[in-house]
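Notes for the one structure printed next.
Since the structure is predicted, the reported quantities are computational estimates derived from the model, not experimental observations. Throughout, numbering of the chain's residues begins at 1 and tracks the sequence.
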Amino acid sequence: MKVQDENEYEELLSQWSDLESGLAIILGNPDSIQEFEKRVCQYDRWMQALLKLDTDVALYLLFQLATNSFVGYSASHALVSAVLCHLIAVDLKLPPAERDSLVRAALTMNIGMTRLQDQLAEQIDKPNSAQQIDIREHAGQGATLLGRIGISDELWLGAIHLHHHSSAAHNEPPRPLAQQRLARILRTVDQYAAMISPRKSREGRSATESARAIVTSNQGQADDEAGHALLRAVGLFPPGTFVRLDNDEVAVVKRHGGQPNQPEVAIVLGKNDLPVTPPRLHRTADGSPAIKTGLAAAAVQARLNHHLILRLGDDSA
C-alpha cells in the first residue's frame, strides 16, 4: 500500500489513535462495558484490517505512537502487544483459535492494573509497597476479573494468569501446553513493549537494544522460541524506529529489508545532526552506509514529515 498524500497519512494515523482510544475506554471500565468480549473481538478485527493494508506502514505508525509519549500508557502497551502477538502467531503458524486467544489476552493482560499502569507511567518515584503488591497480583486479578464479566476462553484466561510466572513456582497444578506456550509469548512481548516505551521516570530503550536483551535473557529457556519469533516478525530495526549509520547520519526505518539488519531507511539527520531536507531514501542492503546502532526515540528531537518519509521510493512520490 502506498501513502498517497498527507490526508491519507492522517487518516491512517487517526484510525490507530481511535483504536487505542477505544481500548482505553473498555480497559479502564470493564465492569460497565456491555458485551465486553464482543468489543475486544471487534478491536482485534479492526487491528487486523489495519495490518492487512500494509504491515510495515502499520508498524511505522505504531512504533512512532508508542515510543514518543507515556500518556495513555496502558492502552498503547496493549495495542503494541496485540500487534506483536499477532505477527508472532503468524510466524509460528499457530492454530487460528490459539492466535485469537493470544491476541485477546495481549489486549487485556494488564486489565487488573489499568489505572495503576497509567499512574506508574507518569510517576517519577519507584512503586510504593501497596503498588508493588498490586503489580505482583495483577495477572491473577486480571484473569479473575475477565472471568467475572463473561470471558470463558480458558486459553485466553490461562495465558494472562501465567504470563508473569511459571506454575511450578507457585505450586499450581500443571497447565495445558497451549496455555504455557501462549503465556511465554505474552511474557516476551510484554517485556519488549515495556522496554521500548517511555515513562516519566525514564526514556524508552531502543528497539534494537530491547530485542537483543530479550533474546539474550531467553537463550536456552522455554521462552527462546518466542524471542526469536519476535525478532523475525519485526526485525532488529522495526519500521518507525531510529538508527545511526556508520557515517554518523541518523535515519528512521521505513520498511523491512531482506535481512533483519538491512532495512530500508530514510536519512533524516546529517553528520552534524541537522535535518536532511527532504529526507533521503537508502536501502542498507545495497551497501554503505550500514547501520551502526539503534537509537531510542528520545535521541531524535527533530520534527519529521512522516507522510513524506512513507512516500519515499513510491512512484507517486
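Side-chain atoms of Gln262 and Asp286, non-hydrogen and from C-beta on, never get closer than 4.5 Å to each other. Val253 has its side chain out of reach of Phe242: every pair of non-hydrogen atoms, C-beta onward, lies at least 4.5 Å apart. Leu310 places none of its side-chain heavy atoms less than 4.5 Å from the side chain of Leu12. Leu92 places a side-chain heavy atom less than 4.5 Å from the side chain of Ile185. Between Glu20 and Ser76, some side-chain heavy-atom pair lies under the 4.5 Å cut-off. Residues Leu146 and Gln141 fail the side-chain proximity criterion, which asks for heavy atoms closer than 4.5 Å. Side-chain contact between Val250 and Leu295 is present, with at least one heavy-atom pair separated by less than 4.5 Å. You'll find the side chain of Thr241 stays beyond 4.5 Å of the side chain of Val252, heavy atoms only.
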May I have the step-by-step check of salt bridge (Lys or Arg N to Asp or Glu O under 4.0 Å) for Arg255 and Asp54, ending in yes or no? CA-CA 10 Å; Arg255 288 192 176 277; Asp54 189 315; 2.6 Å; yes
Kindly determine whether Val40 and Ile151 satisfy side chain to side chain contact (heavy atoms under 4.5 Å, CB included), including the steps that lead there. CA-CA 11 Å; Val40 172; Ile151 305 301; over 6 Å; no
Derivation and outcome, side chain to side chain contact (heavy atoms under 4.5 Å, CB included), residues Leu59 and His256: CA-CA 10 Å; Leu59 286 172; His256 283 101; 3.8 Å; yes
Evaluate the criterion side chain to side chain contact (heavy atoms under 4.5 Å, CB included) for residue pair Trp46 and Asp18; output intermediate values, then yes/no. CA-CA 10 Å; Trp46 186 1; Asp18 288 348; 3.7 Å; yes
Under the side chain to side chain contact (heavy atoms under 4.5 Å, CB included) rule, what do Arg148 and Asp31 come out as? Steps first, then yes or no, please. CA-CA 9 Å; Arg148 189 178 71 239; Asp31 289 303; 3.0 Å; yes
So Arg181 and Glu98, salt bridge (Lys or Arg N to Asp or Glu O under 4.0 Å) or not? Walk me through it. CA-CA 10 Å; Arg181 177 168 57 249; Glu98 287 191 26; 2.7 Å; yes
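Taken to the nearest 0.5 Å, the CE atom of Met109 stands 9.5 Å off from the CG atom of Leu102. A distance of 4.5 Å separates CD1 of Ile309 from CG of Leu304, quoted to the nearest 0.5 Å. Here the CG atom belonging to Leu19 is positioned 11.5 Å from the CD atom belonging to Gln42, to the nearest 0.5 angstrom. Note that the CD atom of Gln34 and the CD1 atom of Ile26 stand 13.5 Å from one another [nearest 0.5 Å]. Atom CD of Gln15 sits about 10.5 Å away from atom CG of Leu61, to the nearest 0.5 Å. In this structure, Leu155 CG and Ile160 CD1 are separated by 11.5 Å, a value rounded to the nearest 0.5 Å.
Hydrophobic clustering keeps Val234 apart from Val90 (ILVMFWY residues linked when any side-chain heavy atoms are closer than 4.5 Å, directly or through intermediates). Under the 4.5 Å side-chain heavy-atom criterion for Ile, Leu, Val, Met, Phe, Trp and Tyr, Tyr73 and Leu120 are members of distinct hydrophobic clusters. Using a 4.5 Å cut-off between side-chain heavy atoms of Ile, Leu, Val, Met, Phe, Trp and Tyr, with links allowed through other members, Leu107 and Leu116 fall into different hydrophobic clusters. When the side chains of ILVMFWY residues are joined at heavy-atom separations under 4.5 Å, either directly or via intervening members, Ile133 and Leu145 end up in two distinct hydrophobic clusters.
Between Thr284 and Pro263, the closest heavy-atom pair is OG1-O, 2.7 Å. Scanning both residues, Lys292 and Asp248, for their nearest heavy atoms gives NZ-OD1, 3.7 Å. Taking both residues in full, the closest heavy atoms of Ala194 and Arg202 are given as O-NH2, 3.0 Å, listed atom of the first, atom of the second, then distance. In terms of heavy atoms, Arg205 sits closest to Ala213 at NH2-CB, 3.8 Å. Closest non-hydrogen pair, Ile196 versus Thr67, comes out as O-CG2, 3.6 Å. Residues Ala211 and Tyr192 come closest through the heavy atom pair N-CE1, 3.8 Å.
Ion pairing between Arg115 and Asp134 fails under the 4.0 Å rule for side-chain N and carboxylate O. Under the 4.0 Å criterion applied to side-chain N and carboxylate O atoms, Arg104 and Glu37 are not assigned as salt-bridge partners. Checked for salt-bridge contact, Lys254 and Glu264 meet the test: a charged N lies under 4.0 Å from a carboxylate O. Under 4.0 Å is where a charged nitrogen must lie from a carboxylate oxygen, and between Arg199 and Glu122 no such pair does. Salt bridge annotation for Arg39-Asp44: absent, with no cationic side-chain nitrogen under 4.0 angstrom from a carboxylate oxygen.
Residues Tyr60 and His306 bring their aromatic ring centres within 6.0 Å.
Between Tyr9 and His307, the two ring planes are tilted [angle within 30° to 60°].
Formation of a donor-acceptor pair under 3.5 Å by the Thr208 side chain with backbone atoms of Leu236 is found in this model. Side chain of Asp246 to main chain of Pro289: no donor-acceptor pair is present (N/O by atom type, distance under 3.5 Å, no hydrogens or angles). No donor-acceptor pair under 3.5 Å is formed between the side chain of Thr108 and the backbone N or O of Ile111. Within the 3.5 Å criterion, the main-chain N or O of Ala97 finds a donor-acceptor partner in the side chain of Ser101. The closest donor-acceptor contact from the side chain of Asn247 to the backbone of Lys271 lies at 3.5 Å or more, if one exists at all. A donor-acceptor contact shorter than 3.5 Å links the side chain of Thr114 to the backbone of Leu27. Between the His86 side chain and the Gln48 main chain, no donor and acceptor come within less than 3.5 Å of each other. Panel note: side chain Asn110, backbone Met113; no donor-acceptor pair is recorded below 3.5 Å. Of the possible polar contacts, one joining the His138 side chain to the Ile135 backbone as a donor-acceptor pair under 3.5 Å is found. A distance-only check finds no donor-acceptor pair linking the side chain of Glu249 to the backbone of Ile267 [under 3.5 Å].
Heavy atoms of other residues, nucleotides or ligands lying less than 6.0 angstrom from CG of Leu177 number 12 at most.
Side chain to side chain, Gln259 and Asn261 fail the donor-acceptor criterion of an N or O pair below 3.5 Å.
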